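Worksheet: the structure to be examined is printed underneath.
Since the structure is predicted, the reported quantities are computational estimates derived from the model, not experimental observations.
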Amino acid sequence: MDMPESGPSFGADSLVIPLSDSNPKLARSKLGSYFERFEDGTNSLFGKDASVQLKDLKVFHGVYAEGEYIPFTDAEPFALY
């Protein structure tokens with residue numbers, strides 16, 4: 001999910017990049033019960049640390065003309081059928 005107010009998030013807290021003004025390079029990870037633990041028992045993408053400082057963050061986005069259709073804007077990401 002890309003939350004304009006709080007930055008991108010992959011899962012509830014599997015990978016969260018808050019993009020806050022006070023700490024723009026912070027990234028956090030906590031893998032929930034749906035994920036298998038690593039061999040050493042950790043439950044974070046970053047190993048024993050639940051948060052890290054990113055060295056680099058690249059953002060890719062499209063450029064659209066006024067009124068041009070933006071792909072996937074009509075998607076229903078949380079629709080349950």
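In this structure, Thr42 contributes its side chain and Lys48 its backbone to no donor-acceptor pair below 3.5 Å. Counting only distance, with no hydrogens or angles, the side chain of Ser29 and the backbone of Ser14 share a donor-acceptor pair below 3.5 Å.
Of all heavy-atom pairs between Ala27 and Phe46, the closest is O-CE1, 3.7 Å. When every heavy atom of Arg28 is checked against every heavy atom of Ser51, the shortest pair comes out as CG-CB, 3.8 Å. Taking both residues in full, the closest heavy atoms of Glu68 and Val63 are given as OE1-O, 4.5 Å, listed atom of the first, atom of the second, then distance.
Residue Tyr69 qualifies as enclosed at atom OH: its count of foreign heavy atoms under 6.0 Å is above 12.
Every residue two or more places apart in sequence or in another chain that forms a side chain to side chain contact (heavy atoms under 4.5 Å, CB included) with Asp56 is listed here: Lys58. Legend: residues meeting side chain to side chain contact (heavy atoms under 4.5 Å, CB included) with Gln53, ordered by chain and number and at least two apart, are Asn23, Lys25, Leu26.
Note that CG of Leu15 and OG of Ser44 are 9.0 Å apart. Values are rounded to the nearest 0.5 Å.
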